[in-house]
Amino acid sequence: MVDTTPLTRAVDHFADKLRAAPQSRLQRGAAAEALELARELARRAQAVEEPGSEPRQMPDAGMFAAADQILVAVHDLALVLRSDDEVAEAVRVVEEARRRAGV
């Protein structure tokens, strides 16, 4: 079994920062960046679970739900990751999104 702790820590950190961010920062793009991350994580999980199928897109549940959306998406992805390299790549994607979000 693959240790996904680094990934869940990175997403927990991002989610905590989003929850603590002022509404103005969320409106300036942090929430949109988080939604894009959630969609990317969900797409990656779906590609493993249902190869060859058309990925479903996570809906936009609003800026105040962005933290929860990345947590749900990472949970699904963590269940299907098969290697430490896949975990490291997912952590890299999360960290890049957090930096772009400015939180």
Side-chain angles (χ1 to χ4, degrees):
M1 181 149 171
V2 175
D3 180 15
T4 59
T5 304
L7 177 57
T8 55
R9 281 188 186 148
V11 170
D12 285 345
H13 179 70
F14 190 8
D16 289 345
K17 293 289 190 179
L18 287 168
R19 287 188 179 113
Q23 183 174 347
S24 60
R25 175 150 307 151
L26 295 174
Q27 289 172 323
R28 284 193 310 263
E33 188 63 49
L35 175 60
E36 286 307 310
L37 173 63
R39 287 176 173 168
E40 174 62 19
L41 298 175
R43 185 196 62 73
R44 288 173 183 234
Q46 289 174 36
V48 173
E49 292 176 319
E50 302 169 14
S53 68
E54 183 72 25
R56 296 170 305 282
Q57 182 167 307
M58 183 175 285
D60 184 346
M63 72 177 140
F64 298 113
D68 294 327
Q69 288 184 286
I70 60 173
L71 290 170
V72 167
V74 81
H75 175 74
D76 290 347
L77 180 60
L79 292 173
V80 299
L81 293 176
R82 298 171 290 211
S83 72
D84 291 337
D85 288 341
E86 288 178 347
V87 172
E89 171 62 15
V91 169
R92 184 190 63 73
V93 168
V94 169
E95 290 299 325
E96 286 178 2
R98 185 185 57 77
R99 281 191 289 278
R100 285 191 304 268
V103 294

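Each residue takes its place number in the sequence, starting with 1.
Arg56 places a side-chain heavy atom less than 4.5 Å from the side chain of Glu50. When side chains are defined from C-beta on, Ile70 counts as touching Leu18, because their heavy atoms get closer than 4.5 Å. The shortest side-chain heavy-atom distance between Val2 and Asp84 falls under the 4.5 Å cut-off. Glu33 places none of its side-chain heavy atoms less than 4.5 Å from the side chain of Leu37.
In plain terms, the two heavy atoms of Ala30 and Ala101 that are nearest each other are CB-O, 3.6 Å. When all heavy atoms of Ala38 and Ala73 are compared, the closest pair comes out as O-CB, 3.4 Å. Closest approach of Val91 to Ala10, counting heavy atoms only: CG1-CB, 4.4 Å.
At a threshold of 4.5 Å between side-chain heavy atoms, the hydrophobic network of Ile, Leu, Val, Met, Phe, Trp and Tyr places Val74 and Val87 in one connected group. A continuous path of ILVMFWY side-chain contacts below 4.5 Å connects Val93 to Leu71, so both sit in one hydrophobic cluster. Follow the hydrophobic side-chain contacts under 4.5 Å out from Leu26 and you never reach Val72; the two are in separate clusters.
The main-chain N or O of Ala67 is never found under 3.5 Å from a side-chain atom of Arg19 such that the two would form a donor-acceptor pair. Side-chain atoms of Arg25 come within 3.5 Å of backbone atoms of Gly102 as a donor-acceptor pair (strictly under, hydrogens ignored). Between the Gln69 side chain and the Pro59 main chain, a donor and an acceptor come within less than 3.5 Å of each other. Side chain of Arg39 to backbone of Met58: a donor-acceptor contact under 3.5 angstrom is found.
Exactly one of Val11, Asp12, Thr8 qualifies for a side chain to side chain contact (heavy atoms under 4.5 Å, CB included) with Val94. That residue is Val11. Just one residue in the list Val80, Leu77, Leu81, Leu79 forms a side chain to side chain contact (heavy atoms under 4.5 Å, CB included) with Val48, and that residue is Val80.
Here the CD-CZ distance, from Gln23 to Arg28, works out to 11.0 Å after rounding to the nearest 0.5 Å. With values rounded to the nearest 0.5 angstrom, Arg98 atom CZ is found 7.5 Å from Lys17 atom NZ.
No more than 12 heavy atoms of other residues, nucleotides or ligands shown are found within 6.0 angstrom of CZ on Arg9.
Under 3.5 Å, the side chains of Asp85 and Ser83 contain no donor-acceptor pair of N or O atoms.
Taking a cutoff of 4.0 Å between a charged side-chain nitrogen and a carboxylate oxygen, Glu95 and Arg92 do not qualify as a salt bridge. Under 4.0 Å is where a charged nitrogen must lie from a carboxylate oxygen, and between Glu89 and Arg44 at least one such pair does.
Note on residues 71-83: pairs passing salt bridge (Lys or Arg N to Asp or Glu O under 4.0 Å), not counting sequence neighbours, are Arg82-Glu86.
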